[in-house]
Protein chains: 2
Amino acid sequence: MVLSYTEENYLKALFQLTRETLEKKEAGTNELAAHLGVKPATVNDMLKKLKDKKLIDYEKYGKIKLTKAGEKSGVEVLRKHRLWETFLCVKLGFAWDEVHEVAEQLEHIQSSKLIEKLDKFLDYPEFDPHGDVIPNAKGEMKIKYKVCLSDMTPGERCMMVAVKDNSAPFLQYVISVGLGINNVIKVISRNAYDELLQIEVEGKVSSVSRKFADNIFVVCQDCMKGKKCKKGCKG
Amino acid sequence: MVLSYTEENYLKALFQLTRETLEKKEAGTNELAAHLGVKPATVNDMLKKLKDKKLIDYEKYGKIKLTKAGEKSGVEVLRKHRLWETFLCVKLGFAWDEVHEVAEQLEHIQSSKLIEKLDKFLDYPEFDPHGDVIPNAKGEMKIKYKVCLSDMTPGERCMMVAVKDNSAPFLQYVISVGLGINNVIKVISRNAYDELLQIEVEGKVSSVSRKFADNIFVVCQDCMKGKKCKKGCKG
DNA sequence: TATATTTGTTAGACTCATCTAACTTTTGTA
DNA sequence: TACAAAAGTTAGATGAGTCTAACAAATATA
Ligand SMILES: [Mn+2]
Ligand SMILES: [Mn+2]
Ligand SMILES: [Mn+2]
Ligand SMILES: [Mn+2]
């Protein structure tokens, strides 16, 4: 099926909203509009087109769900996005806070041959520069991180595995705290009033907000040691 | 200046029509329409927009000329196109007849950092897989091939340096004759009636049409030996 | 339950890039 | 030079994607 640039963006957004963060199989008009940075009226128009093309299940005033075909297209765009981000960092030497905007464009290049050759060239990477899982050629994503830095209790250690927010300002903030993928974090304390977390990373102690901690995915000490995990860090 | 995908295509086309093949500094509406695969009426609308943006010099019923700004944008798109084609062949293992369509999309990715890093990654290539000169970061193109296989006289030897037509069917035809960039061609004879050329490439003799020979750029024996050239093969 | 708030829909308008059909200007040739 | 052919332009229409403003339905809350 031939999809426009815009239709691809809608399907990718729906995939991220309804499949990736799991536990929620459907999305709403306003939610989707906010995610895409357009107005709800615009989304409403597009929902009719996507329904006509059998890419979503949707009834007036109802919730939005991807069909099998819609999910296939959505995950494919996400796969391309993350492979390109990996290419930009690993092969061209971009920093992780510079790649998202460029990958937003590259993900729409239409050539299945290209993306499979790129995957091979990168030696079939499993994670992108933000720690996000790259769907394989079949659209499968085995790991789904669920536990955030804000879920940790003082005294615990954990390892940062991914970021939820891919925006340059957030990523630069992360860097400024001395954090990166695979860094070990020790949670020192949590302020009961404003939920400020004191954390230690490679000897450096910082205070971070709840909002910040919500955007850092971590795995527990069991996961770090390769043991079975009680919390379900990997989904 | 922010240019749309379409505006970029018009500027690239004008650059190719009025700068690359030289000796002709301006283009016409129909000519441009044919090159872009749209109708003259469509071109006419766009000419007004490009004039408003000061990217072309143009008066009603007059000829079309790129301004300095228009030329800068046009050559930049061409540079991107050829760098991406080179990337696809050299790094990803595409064949030369598979890259043009994909590069038509990639040339519109907006990121000057990307293109400069790609250039470096490829080690600043001078020619793309079709032998076309890649403009440098300043938009300069030193060599301009001008002499075609059809300009050769029987008995002469020459070397294929580039192709004019980048379409897959033509490139596949070139391959079928056993020809490729840097191959030496011996012109055996030219039929006076229909201009059919008999050529020999690596021991293989073939007959090719005038149309075919017009689309193969060559350099003469002097150029092959690094001597001064009388014909002006390199522009 | 009644009402306020949130969520979602519709109507009408705009821009961009494209088309067809009809028209005008320029050019080339008899 | 006259006129036919070629080249170029205009008017009006379409479809995609977006918006604002007004409206309707669903949900939350008092
Ligand atoms: Mn990203
Ligand atoms: Mn990412
Ligand atoms: Mn090409
Ligand atoms: Mn080329």
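Every chain is numbered from 1 and lettered A, B, ... according to where its sequence line falls, protein lines coming before strand lines.
Side-chain N/O atoms of B/Asn44 include none lying less than 4.0 angstrom from OP1 or OP2 on D/dG8. Phosphate contact (OP1/OP2 of D/dT9, side-chain N/O of B/Lys48, threshold under 4.0 Å): absent.
In this structure, B/Glu8 contributes its side chain and B/Leu3 its backbone to no donor-acceptor pair below 3.5 Å.
Between the P atom of D/dA7 and the OH atom of B/Tyr58 lies a distance of 15 Å, rounded to the nearest Å. Between the P atom of D/dG17 and the CD atom of A/Glu8 lies a distance of 11 Å, rounded to the nearest Å. One can place CD of B/Glu59 at 17 Å from C1' of D/dA7, the figure rounded to the nearest angstrom. Distance CG (B/Leu3) to P (C/dT15): 19 Å, rounded to an integer number of Å. B/Asn30 places its CG atom 5 Å from the P atom of D/dG8, with the value rounded to the nearest Å. Between the P atom of C/dT7 and the CG atom of A/Leu32 lies a distance of 14 Å, rounded to the nearest Å.
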Using residues 38-50 of chain B as the side-chain source, report each donor-acceptor pair under 3.5 Å to any protein atom, sequence neighbours left out, with the distance given to one decimal.
none

Donor-acceptor pairs under 3.5 Å, side chain of residues 86-96 of chain B to any protein atom, not counting sequence neighbours: which ones?
unit_1: B/Thr86; atom_1: OG1; unit_2: B/Arg82; atom_2: O; d: 2.7

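Legend: salt bridge (charged side-chain N to carboxylate O under 4.0 Å, His left out) pairs involving residues 53-62 of chain B, not counting sequence neighbours, sorted by first then second residue: B/Glu7-B/Lys53, B/Lys51-B/Glu59.
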Exercise for review: Sugar-phosphate atoms are those with a prime plus P, OP1 and OP2; base atoms are the rest. Using that split, label each nucleotide of nucleotides 16-24 of chain C B, S or - for protein heavy atoms under 4.0 Å, 5' to 3'.
Suggested key: SSBBB---B
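B/Glu107 is linked by a side chain to side chain contact (heavy atoms under 4.5 Å, CB included) to B/Asn9, B/Lys12, B/Val77, B/Lys80, B/His81, B/Glu104, counting only residues two or more places apart in sequence or in another chain. With sequence neighbours excluded, no residue forms a ring-ring contact (aromatic ring centres under 6.0 Å, His included) with B/Tyr58.
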